[in-house]
Every structure is written in structure tokens, then in C-alpha cells.
Amino acid sequence: MNSTSPIGKQTILKKKFINATTYLIIAFVIFMVILYIFPLLYLINISLKTPKDFMMNPTSFTKSLINIENYITVFEKNNFLLFFFNSIWYTFTANIVTLSITALAAFVISRKYVKFSNFFYILFLMGIFLPDPLIPQFLLIRSLGLYNNPIGYILLRTNPGIIMLLMVGYYKTIPKEFDEAAALDGCGTVRYLWQILLPMSKPIFATSAILFSIGIWNDIIGQVIFLTSPKYYPILRALFTFIGQYGNNWPPLAAAVFLVALPVIVLFIFFQKHIISSMVASGLKG
Amino acid sequence: MYPFRFGKKRAYLIPYLILLPALLFYCIFHLFPSLVTVIFSFTNITRTGYRPVEFIGLDNFIEFFRPATFFEKGVALKNSFLFTFLVVFIQTGLGLLFAILLNKKWKTRSFFRATLFLPVIMGITVNALIWKLMFYPMGGPVSSLLKSVFDISSLFFRDPQTAFMWIIFLQIWTYTGFTCVIFLAGLQGIPNEYYEAAKVEGADGWYQFRFITFPLIAQALTVNVLLAVIGALRTYDTMLVTTNGLYNTSTMAFYMFRLAFMSEGGSGRAGGRLGFASSVATILFVFIFLVALITQKFLRKREVEL
């Protein structure tokens, strides 16, 4: 037996490589535990401490795991339910309007049923690179009399943009022959869209809705500028004002932060694959 | 041709009617405001509208670079470059490393991938608050650690010397997961046979990375660099929720935001200078455009079609 045979060498090399990888993976796991998992657990821990306990010792473990006093404070003193409801109805309305108008437009653009369909596609793509539209948007909404008005905010968030790119991409995968066959059978436009295209669009609607909802839920800039009355505040805008309100009294603030993050975390646990793949798709399109 | 009939005549108009709502919404509320930003940058328009709007040519751009008042804008300009450079470099590097590790088969990797991605969807406001709590200066975990190990005490987001570094940290912490999943998508597209062939040839890990992985994920690299550059140059929400632009943490984008929407617009002047703020947005757009061109030129070359 020759110990320096190529196969022997290869296994040694392979072993070395596997070891290096294993160490790197261990390092990665430690990194993740310290920098990503610990901060979240720490947040939850603080939200369960009494303010006094936090003042005495900010890093200690909570004395009671069922101390939900801070959560009650947030709900009772801060109208959290109203803000929650605001967020949900803004997100919902903007979603419905955006998805429906964008799906229709994406259908005719992807089929080239309109002249210059490529030009329209590029028009929607351009939005990613063009200058920040915030300043003219502000003047536009104000001159429409919709400043500090939920309608104005929803109009502004109704944005086909990136969703259009995703949907055009999706409808291109549905053969045009479908349309022609349906048309030959005497199917009208409305019926085709409603009975044939809509059921086939479920996956792309799910992807777009997730992407779009997360965008609105987390849109701090728009919420700070366009919604100034507390009665119109979405949840994130409300959280932003708590920072000043609670100062260094962290336990109730931590409870509020966790309450804002919770729906997103739950959604993520259930739709993890969908969310990640829709984010990747939006990134690759951009 | 549009195949569907609708009533009898003028079926050719229907597709345009279907397109119209989305087109109108997009043009009125997004495309048109973007273009108007460029027009505004040549005017002296204000938020309060106390004086008639005039075209003032390049005055805003000249004012931006005027040496006498450049100090504050200089800080913003320098910070923008520093922020973009560090964020793009570290975020892309870490994202690629983590993607390679997460692409190996090991238990619980999907849990860690999800955890890494979570901050992307929790949003910058929640993330900033989580880290403000971690950075609590009176005995929070990070400050206790820094004090006991290095004997440093820092005010973190309130420390003029280091606040900007903590903002960069927060930005990278938030978006590395996004960069990582884009790389992962690229890595998963590489057929395993390539690596098996390489193993038969006796190529080690580094060679496999250099000659198989790297060329084949060049497209993901282009996408990541481009998105990170655009994102970093345009970011001002991160500053808004951490320092409000104080403690030397203003960037070009934040400076634009402050000029336009805060009561004090910098250099002791009143805020609401929408024209001047628009010129800052336009300068940023020029940067983004240039970076996009350079990225295309240098990175696209490296891309190999599968």
C-alpha cells in the first residue's frame, strides 16, 4: 500500500477542510446567539421586570416570568388597540388597492396587449433609482388637503413599483395560449380575469401582499411626516413617541417594542419560506 | 392583438383602460414627485410658502459646496461616504460568509437563517430600540461588558465620538440577513456536480470557492452591492430613530430630511427649505447613478452564465 496515493491525500485535504468549516460554523452559531438571540431574549426579560427592579439592576433575570404589569400599562395608558387597528386598516386597504390595480396592469403589460409594453415596464423599474420623491409628495398631499389624513397616507402608499415587476415576471410564466383558448370559447375580459387569471394568481398575490404589508408596517418616515395627529397614529409611529414619553423607564417601553414586533415575528414563523423568497425576488428584480 | 371581445367595438381600447389605474397612481404619487425633486432643486421653494417661488439656477448646488458654510455639509458628505463604504463592505462580506456556512448541511441551520433574517422584517425602529436597550448606559449588558473588560464607558448613541459607528453597526446588524439570503439563492443555483468534479480533481476548499462558487454567484454579488449602495446612500430612518442626526451622525440623506421637515434646518437657519433639500436629494441621485454605472461596468464582467 502506498500511503501517498492521490486518494489518501484527498481524504486528508477533505478532512482538514471539514474541520475548518466546522469551526467556522461553531463560531457563527456563537455569533448568532450573542448578537441576535440574546438581544431579543433580553428585551423580553426587561419587559417582564418591574420598573423598580430594572432601576436596581438592569441586567438581572426577571423575578417573575408572569409579571405582565408592563403590558397592561401599555394597553391601558396608551391606546395601543387604536394604534394597532390603525396599522391594520391602512395596511389592508393599501394592499387591496395596490394588488388589484397592479395585477390588472401587469396582465396587459406581460402579454404586450398595450403598445410600448417594454417602455411601461422600464417606467415602473425606474422608480428604484430616481431621486427620493418625499418632498414633492409632501406638497402634493398637502395641496390635495389630505395632509394628516389617513386617506392621503393610503393614497401615497398605494405603490405598484416593485410589485409590478414581480407580477409581470409571474404572468410571463402563464402561457398566452390560455388567453387565446379562453377567448375562442367566447369568454369576455371580465370573466377571464375573474374566473381564470385570479385563481391562478394566488401565489404571487401572497408574495406581494407579504412584501407590501411589511413595508407599510415598518414605514416610519411616511408615518412621521404624513400622520401627525395621535388618533391617526399607526403602531410604529406610536412606538416612536413612547421613546420620549418613557425616557429611561425601559420595562413598559420594552413591552411596547415587543408588542410591535410580535405580529411580525408570528407572521414570519408561519410564512418564513414565503417571506424570504419574496424578499429575494424583489431584490433580484431590483 | 387583444383576443377578448367586450361588447362589440373598440376592444382594442380595453387593455389601455386596464393599465390606466396603476399607471396613474404610479405616475402621480411616485414617478412625477421623483422628477419634480430635480426641478425643485433649481428653485427656492419653501415649506411655508412665505415667498413666491423663483428659479434660481444652480444657486442651491453652489451653496452646498460654498466653503464658508461647508463644515456641516462636509460632515454629512464624509459620513455618507464612510457609512456607505463600511456598510457595503462589511455587510456583503459577512453576508457571503454566512451564506456559505448556511449552505452547508448541518442541523438547526434553518433556525439560524431565520434568526439572521428576522431583523430585516422587524424594521429599523424596533431594531434601534432593541439596541438602545442593550446599550443602556447605566448598567445595560453592553456597557457593563465594556466597562469590566476594557474599562471603557460610552454613551453609545449619545456619544459624539462613537455614535456614528454604533449606527453603522445597527444598519449592518439589520440588513446582513437580506444580503445573506440573496447570496444563498445564488449558491443554491450551483449544481453539485461542479463541486464533485472539483473534488475528483483534488481541488481544495479555497480553489473550489475561487473558481466555482465565486464566478457563479457574481450576479448575486452585483445585486447585493448595488442594493446596499443605494440603500446606504438613501438611509435616514436609521439616524432618525437612533440619534435624530445629533452627535455628528448626520448624512447627506438625513441632512436633506432635516432641511425639509425639521424646524431647525442646519447652520442655524430655519427648516423647510424644500428647494435646497431637493438639491441635496438630486446630488444623492447623481451619486447613486454613478455608483450603479461603475458597479455594472466592474462587476457585470465577472458574471458567468450557468
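- With respect to chain A, the highest number of heavy-atom pairs below 4.5 Å among Val286(B), Val126(B), Leu133(B), Ile130(B) belongs to Leu133(B).
- With a threshold of 4.5 angstrom between heavy atoms, Ile100(B) does not approach chain A through any atom at all.
- Of the atoms belonging to Ser278(B), heavy atoms from both backbone and side chain fall under 4.5 Å from chain A.
- Proximity to chain B is limited to the side chain of Gln272(A), based on heavy atoms less than 4.5 angstrom apart.
- At distances below 3.5 Å, at least one donor-acceptor pair connects side-chain atoms of Ser34(B) with backbone N or O atoms of Pro131(A).
- Proximity to chain A (any heavy atom under 4.5 Å) is restricted, for Phe111(B), to the side chain, taken from C-beta onward.
- The contact between Leu24(A) and chain B is made by backbone and side chain atoms together, counting heavy-atom distances below 4.5 Å.
- Heavy atoms of Phe124(A) lying under 4.5 Å from chain B belong to its backbone as well as its side chain.
- Looking at Leu123(A), the atoms closer than 4.5 Å to chain B (heavy atoms on both sides) sit in the backbone and in the side chain alike.
- Contact annotation for Val241(B): both backbone and side-chain heavy atoms come within less than 4.5 Å of a heavy atom of chain A.
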For this session: Under the side chain to side chain contact (heavy atoms under 4.5 Å, CB included) rule, what do Leu43(A) and Leu129(B) come out as? Steps first, then yes or no, please.
Result: CA-CA 9 Å; Leu43(A) 177 82; Leu129(B) 282 165; over 6 Å; no
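- In this structure, chain B has a heavy atom under 4.5 Å from the side chain of Ile109(A), while its backbone stays farther away.
- Highest contact tally toward chain B, considering only Leu104(A), Ile276(A), Val257(A), Ile220(A), is held by Ile276(A) [criterion: heavy-atom pairs under 4.5 Å].
- Here Tyr236(B) pairs with Phe257(B) under the ring-ring contact (aromatic ring centres under 6.0 Å, His included) rule; sequence neighbours left out.
- Residues Tyr175(B) and Asn224(B) have side chains that never bring a donor and an acceptor to within less than 3.5 angstrom of each other.
- Proximity to chain A is limited to the side chain of Phe169(B), based on heavy atoms less than 4.5 angstrom apart.
- With hydrogens and angles ignored, the 3.5 Å screen pairs a side-chain donor or acceptor of Asn127(B) with a backbone N or O of Gly123(B).
- The nearest pair of heavy atoms linking Ala253(B) to Leu233(B) is CB-O, 3.4 Å.
- Heavy atoms closer than 4.5 Å to chain A are found in both the backbone and the side chain of Leu23(B).
- Your options are Leu35(A), Ile25(A), Val264(A), and the one with the most heavy-atom pairs under 4.5 Å with chain B is Ile25(A).
- Proximity to chain B (any heavy atom under 4.5 Å) is shown, for Arg111(A), by neither the backbone nor the side chain.
- Options Trp106(B), Phe29(B), Trp173(B), Phe112(B) differ in how many heavy-atom pairs under 4.5 Å they form with chain A, and the most are formed by Trp173(B).
- Counting heavy atoms from C-beta outward, Leu184(B) and Asn103(B) have side chains that approach closer than 4.5 Å.
- Counting heavy atoms of neighbouring residues, nucleotides and ligands inside a 6.0 Å radius, atom CZ of Phe289(B) does not exceed 12 of them.
- Only the side chain of Thr176(B) has a heavy atom closer than 4.5 Å to any heavy atom of chain A.
- Nearest approach of Phe268(A) to Ala114(B), heavy atoms of both residues: CE2-O, 3.3 Å.
- The candidate with the highest count of non-hydrogen atom pairs below 4.5 Å against chain A, out of Ala281(B), Pro141(B), Gly186(B), Pro21(B), is Pro141(B).
- At a 4.5 Å heavy-atom cutoff, the contact between Phe285(B) and chain A is made by side-chain atoms alone.
- With a 4.5 angstrom heavy-atom cutoff, Ile214(A) touches chain B only via side-chain atoms.
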Give the intermediate values and the outcome of side chain to side chain contact (heavy atoms under 4.5 Å, CB included) for residues Leu239(A) and Phe242(A).
CA-CA 5 Å; Leu239(A) 183 65; Phe242(A) 291 175; 4.1 Å; yes
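- The candidate with the highest count of non-hydrogen atom pairs below 4.5 Å against chain B, out of Tyr42(A), Trp250(A), Phe120(A), is Trp250(A).
- Of the possible polar contacts, none joining the Arg47(B) side chain to the Leu274(B) backbone as a donor-acceptor pair under 3.5 Å is found.
- Proximity to chain A (any heavy atom under 4.5 Å) is restricted, for Trp131(B), to the side chain, taken from C-beta onward.
- Residue contact with chain A, scored on non-hydrogen atoms closer than 4.5 Å, involves the backbone and the side chain of Ala277(B) alike.
- Every residue was checked against the salt bridge (Lys or Arg N to Asp or Glu O under 4.0 Å) condition with Asp237(B), not counting sequence neighbours, and none meets it.
- Neither the backbone nor the side chain of Arg109(B) comes within contact range of chain A; no heavy atom of the residue lies under 4.5 Å from a heavy atom of that chain.
- Heavy-atom pairs under 4.5 Å with chain B peak, among Thr102(A), Ile265(A), Thr158(A), at Thr158(A).
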(Q) Quick one, Phe117(B) with Ile275(A), criterion side chain to side chain contact (heavy atoms under 4.5 Å, CB included). Give me CA distance, side-chain angles, the key distance, then yes/no. (A) CA-CA 10 Å; Phe117(B) 191 79; Ile275(A) 292 176; 4.0 Å; yes
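- Side chains of Asn244(B) and Met239(B) form no contact here, defined as non-hydrogen atoms less than 4.5 Å apart.
- Both the backbone and the side chain of Tyr36(A) have a heavy atom closer than 4.5 Å to some heavy atom of chain B.
- Atom OH of Tyr147(A) has more than 12 heavy atoms from other residues, nucleotides or ligands within 6.0 Å.
- Chosen from Ile46(A), Leu40(A), Val260(A), Leu253(A), the residue pairing most often with chain B at heavy-atom distances under 4.5 Å is Ile46(A).
- Within the 4.5 angstrom heavy-atom criterion, atoms from both the backbone and the side chain of Tyr26(B) approach chain A.
- For the options Ile121(B), Leu116(B), Leu102(B), Val36(B), heavy-atom pairs under 4.5 Å to chain A are most numerous at Ile121(B).
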| message | Checking Phe98(B) against Phe28(A) for the ring pair (Phe, Tyr, Trp, His ring centres under 6.0 Å) test, could you report, in this order, the C-alpha distance in whole Å, the side-chain angles of both residues, the deciding distance, and whether it holds? | response | CA-CA 8 Å; Phe98(B) 294 167; Phe28(A) 172 66; 4.7 Å; yes
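- Heavy-atom distances place no part of Ile39(B) under 4.5 Å from chain A, backbone and side chain included.
- If you measure heavy-atom distances from Tyr136(B) to chain A, the contacts under 4.5 Å come from the side chain alone.
- Residue Tyr195(B) qualifies as enclosed at atom OH: its count of foreign heavy atoms under 6.0 Å is above 12.
- For Tyr16(B) and Tyr113(A), the gap between ring centers reaches or exceeds 6.0 Å.
- With a 4.5 Å cut-off on non-hydrogen atoms, Ile141(A) touches chain B through its side chain but not through its backbone.
- Ion pairing of Arg234(B) with Asp132(A) is absent here, as no side-chain N (NZ or NE/NH1/NH2) approaches a carboxylate O to less than 4.0 Å.
- Ranked by heavy-atom pairs shorter than 4.5 Å toward chain B, the options Val224(A), Leu140(A), Ile37(A), Ile225(A) are led by Ile225(A).
- Of the two parts of Leu156(A), the backbone and the side chain both hold a non-hydrogen atom closer than 4.5 Å to a non-hydrogen atom of chain B.
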